[in-house]
Amino acid sequence: MAASKCSRLSGALVKQLLDSVDSVLLDCDGVIWRGEQAVPGAPEVVNSLKKSGKKVFFVTNNSTKTRKMYADKLGRLGFDAAEDEVFGTAYCSAVFLRTVCGIQGKVYLIGSHAMRQELEAMGIQQVGVGPDPVSGGQSDWANVPLDPDVRAVLVGFDEHFSYMKLNRALQYLCDPECQFVGTNTDTRLPLEGGKAVPGTGCLLKSVETAAQRQAQVVGKPSNFMFECVADQFGLDPSKCLMVGDRLDTDIMLGSNCGLKTLLTLTGVSTVADAEAHQRSGCPHRQKMVPDYYVDSIAEILPALQG
């Protein structure tokens, strides 16, 4: 295998890499699809990986969809995928609250209906989904009614995020026994045409700032995201490949957990970004340098078909 990091994956190296792993973890948006369109060749790669005996998992920081919603989308776009192969932060946050936090009580949820569904499927009740309009003045806000059974605050992507939600989270988190969990710290969601919108990380940072507390983060690059998959499927990190388009989430996760890493250039990060991290000499930035890169995941298809 190649001695230097950030090598272009091509030729005989592709088969060597694939032969060295038995499981492949794939980020979704920017790797196997862009918006509502599959990256050309990506379904064939995923389906061929499975036919060759590899385990394939779909690992995403997006908290707006349930596992079933993701499995349905994968199926529509031509991917052979089962619901239990999907690990999004809506599902993984529910697992985290149940297994790591040992939650006994309700969750105040700043998040989506998909997050509500995943919590409820795990037997966890929630309050908070939907709009929370402002009313009254500052003394009313400081004494806003709270559910006495809430034992944790969970922050994910919430299109209805508001001052009142921020305030309510602060009031719950004034109790040091109330646990504080965030789905992910992605600050921007890149869109086609160079546009972007604010990501969950902006909402989470607002709540952290107001509460003067730091959240436990579930999503990439947190180790928990890999552990969630590994614990359920008995994965050996040294036999796993993480494929992603973001250096600060996907590649960092792989480095943190001892996985082989492959950057695809169909999404956010560039080879120039990776090389800048490589030259920096900073140990933290070195974790964002992939082992290999390809222009598109489709480039590994010939090695799978050969």
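Worth saying up front: this structure is predicted, and the values here are computed from it rather than measured. Index from 1, following the sequence.
Taking 4.5 Å as the limit, every side-chain heavy atom of S112 sits out of range of all side-chain heavy atoms of V129. You'll find the side chain of L301 reaches within 4.5 Å of the side chain of Q305, heavy atoms only. A heavy-atom distance below 4.5 Å is found between the side chains of L97 and V107. Here the side chains of D132 and R168 are in contact, with some heavy-atom distance below 4.5 Å. In this structure, V144 and L146 have side chains that are in contact, with non-hydrogen atoms separated by less than 4.5 Å. You'll find the side chain of E83 stays beyond 4.5 Å of the side chain of D72, heavy atoms only. Residues S7 and Y293 fail the side-chain proximity criterion, which asks for heavy atoms closer than 4.5 Å. Using a 4.5 Å heavy-atom threshold, the side chains of L304 and S52 count as touching.
Linking ILVMFWY residues whenever their side-chain heavy atoms come closer than 4.5 Å, directly or via other members, places L119 and V95 in the same cluster. A single hydrophobic cluster is not seen to contain both M69 and V59; linkage of ILVMFWY side chains at heavy-atom distances under 4.5 Å, directly or through other members, places them apart. Under the 4.5 Å side-chain contact rule for hydrophobic residues, L109 and V150 do not share a cluster. Grouping the Ile, Leu, Val, Met, Phe, Trp and Tyr side chains by contacts below 4.5 angstrom, directly or via other members, places F233 apart from L26. Transitive grouping of hydrophobic side chains (ILVMFWY, heavy atoms separated by less than 4.5 Å) brings V127 and L203 into a common cluster.
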Side chains of residues 205-212: which donor-acceptor pairs under 3.5 Å do they make with residues two or more places apart or in other chains?
unit_1	atom_1	unit_2	atom_2	d
S206	OG	C202	O	3.0
E208	OE2	A215	N	2.9
T209	OG1	K205	O	2.7

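Evaluated for a side chain to side chain donor-acceptor pair (under 3.5 Å) with K220, the options N61, N256, D250, T249 yield exactly one hit, D250. The side chain to side chain contact (heavy atoms under 4.5 Å, CB included) with V243 is formed by just one residue from the set L263, V45, T264, L259; it is T264. Only one option out of K54, R67, K68, K50 pairs with E85 in a salt bridge (Lys or Arg N to Asp or Glu O under 4.0 Å); it is K50.
We find the CD1-OG distance between I110 and S162 to be 8.0 Å, quoted to the nearest 0.5 Å. Between atom CD1 of residue I251 and atom CG of residue L262 there is a gap of 7.0 Å, rounded to the nearest 0.5 Å. Here Q179 contributes atom CD and C101 contributes atom SG; the two are 4.0 Å apart, rounded to the nearest 0.5 Å. One finds the CG atom of L74 at 5.0 Å from the CD1 atom of I32 (value rounded to the nearest 0.5 Å). The CE atom of M252 sits 6.5 Å away from atom NZ of K287, with the distance rounded to the nearest 0.5 Å. Remark: N184 CG to C92 SG distance equals 11.0 Å, nearest 0.5 Å.
Checking side-chain atoms of D186 against main-chain N and O of R188 turns up no donor-acceptor pair under 3.5 Å. The backbone N or O of T270 lies less than 3.5 Å from a partner atom in the side chain of D273, making a donor-acceptor pair. S63 places a side-chain N or O within donor-acceptor distance of the main-chain N or O of F157, the cut-off being under 3.5 Å. Between the T60 side chain and the D27 main chain, no donor and acceptor come within less than 3.5 Å of each other. A donor-acceptor distance shorter than 3.5 angstrom exists from the side chain of S222 to the backbone of V217, with no hydrogens or angles considered. In terms of modelled atom types and a separation under 3.5 Å, the side chain of K165 and the main chain of G128 share a donor-acceptor contact. S296 places no side-chain N or O within 3.5 Å of a backbone atom of E299 that could act as its donor or acceptor partner. No side-chain donor-acceptor contact under 3.5 Å links K65 to the backbone of M115. Not one N or O on the side chain of Q125 forms a donor-acceptor pair closer than 3.5 Å with the backbone of G105. Using a distance-only test at 3.5 Å, with no hydrogens or angles considered, a donor-acceptor pair links the side chain of T266 to the main chain of G30.
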Note to self: Test side chain to side chain contact (heavy atoms under 4.5 Å, CB included) on Y292 and V14; report intermediate values, then the result.
What the structure shows: CA-CA 10 Å; Y292 307 99; V14 183; over 6 Å; no

Check: Does the pair Q286 and S280 meet the rule for a side chain to side chain contact (heavy atoms under 4.5 Å, CB included), with working shown?
Finding: CA-CA 8 Å; Q286 293 295 325; S280 70; 4.0 Å; yes

Next item on the list: With salt bridge (charged side-chain N to carboxylate O under 4.0 Å, His left out) as the test, would you mind laying out the steps for E177 and R151 before giving the verdict?
Entry: CA-CA 7 Å; E177 298 299 309; R151 297 290 180 270; over 6 Å; no

Next item on the list: Could you walk me through whether R98 and I103 pass side chain to side chain contact (heavy atoms under 4.5 Å, CB included), step by step?
Entry: CA-CA 6 Å; R98 175 59 74 218; I103 189 79; 3.8 Å; yes

Margin query: side chain to side chain contact (heavy atoms under 4.5 Å, CB included), that's the test. Do L189 and V197 meet it? Break it down for me.
Written below: CA-CA 5 Å; L189 303 177; V197 293; 3.7 Å; yes

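The aromatic rings of Y172 and Y108 lie tilted to each other, with the angle between the two planes from 30° to 60°.
Closest of all the heavy-atom pairs between T200 and T183 is CG2-OG1, 3.5 Å. The two atoms that bring I124 and A94 nearest to each other are CD1-O, 3.8 Å, heavy atoms only. Between L25 and C240 the shortest heavy-atom distance is CD1-CB, 4.2 Å. Listed here is the closest heavy atom pair of P290 and L247: CD-CD2, 3.9 Å. Closest heavy-atom contact between G267 and D245: CA-OD2, 3.2 Å. V31 and I297 get closest at one heavy-atom pair: O-CG2, 3.7 Å.
Every pair passing ring pair (Phe, Tyr, Trp, His ring centres under 6.0 Å) that includes a residue from residues 177-227 is listed here, sequence neighbours excluded: F96-F224.
Remark: D295 pairs with R8 by the side-chain hydrogen bond (donor to acceptor under 3.5 Å, both in side chains) rule, at least two apart or across chains.
Judged purely by distance below 3.5 Å, without hydrogens or angles, the side chains of D80 and N47 never pair a donor atom with an acceptor atom.
The pair D291-K260 fails the salt-bridge criterion, with no side-chain N (NZ, NE, NH1 or NH2) lying under 4.0 Å from an Asp/Glu carboxylate O.
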